[in-house]
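One structure is given below, encoded as structure tokens.
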Amino acid sequence: MQRGWRLFYKYIQRRKGDIMTERVSEDMVIADMLKLDPGIGPILMASGMHCIGCPASQGESLAEAAVVHGLEAGKLVETVNEYLANK
């Protein structure tokens, strides 16, 4: 429960007027990222993270999932944020 409030606080901090800046970070839970924008799913799958729908992704951060899959979380964050900025 505490993680959810921390993420909510980060979202509020990113608000600019009435428009929220959509960005992801390494500590975001994958399920929350997919709720933010379902288009993130194909990006994660293309990087080798083929189990984004598995139960573990519902409570696993991007950094945790990256370690399990041998990926660099920073590069994933960069790719996803670039997608969000250009959509």
Side-chain angles (χ1 to χ4, degrees):
M1 186 68 154
Q2 187 176 14
R3 174 184 261 184
W5 282 107
R6 184 175 54 212
L7 290 175
F8 177 71
Y9 180 71
K10 285 183 180 183
Y11 292 145
I12 296 301
Q13 286 179 318
R14 292 184 183 123
R15 287 187 68 96
K16 293 183 180 178
D18 291 330
I19 301 170
M20 184 186 300
T21 304
E22 295 177 344
R23 294 187 52 83
V24 300
S25 62
E26 292 182 14
D27 64 339
M28 283 186 74
V29 175
I30 292 174
D32 293 338
M33 291 172 59
L34 296 173
K35 288 177 190 172
L36 178 67
D37 188 315
I40 294 172
I43 295 169
L44 297 178
M45 291 180 69
S47 70
M49 208 174 283
H50 298 277
C51 58
I52 59 171
C54 74
S57 73
Q58 302 304 305
E60 192 172 50
S61 72
L62 181 60
E64 294 166 337
V67 168
V68 170
H69 291 88
L71 304 170
E72 291 185 43
K75 287 187 179 185
L76 285 172
V77 167
E78 192 176 300
T79 302
V80 171
N81 283 333
E82 184 178 322
Y83 159 76
L84 292 172
N86 293 317
K87 70 173 200 160

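- Considering all non-hydrogen atoms of both residues, His50 and Met45 come closest at CE1-O, 3.4 Å.
- Of all the heavy atoms in Pro42 and Pro38, the pair that sits closest is CD-O, 3.5 Å.
- With sequence neighbours left out, Leu71 forms a side chain to side chain contact (heavy atoms under 4.5 Å, CB included) with Ser47, Met49, Ala66, His69, Leu76.
- For Ser61 against Asp27, the heavy-atom pair with the smallest separation is CB-O, 3.8 Å.
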Q. Please walk me through it: do Leu62 and Met28 pass side-chain contact (heavy atoms from CB on, under 4.5 Å)?
A. CA-CA 6 Å; Leu62 181 60; Met28 283 186 74; 5.7 Å; no
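- Residue Gln58 comes nearest to Ile52 through the heavy atom pair NE2-O, 4.5 Å, listed as atom of the first residue, atom of the second, then distance.
- Considering all non-hydrogen atoms of both residues, Glu64 and Gly59 come closest at OE1-O, 4.1 Å.
- The side chain to side chain contact (heavy atoms under 4.5 Å, CB included) check on Glu72 picks up Lys75, with sequence neighbours excluded.
- Here the closest heavy-atom approach between residue Ile40 and residue Met33 is recorded as CD1-O, 3.3 Å.
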Q: Starting from the C-alpha separation in whole Å, work towards a yes-or-no answer on side-chain contact (heavy atoms from CB on, under 4.5 Å) for Asp32 and Leu36.
A: CA-CA 6 Å; Asp32 293 338; Leu36 178 67; over 6 Å; no
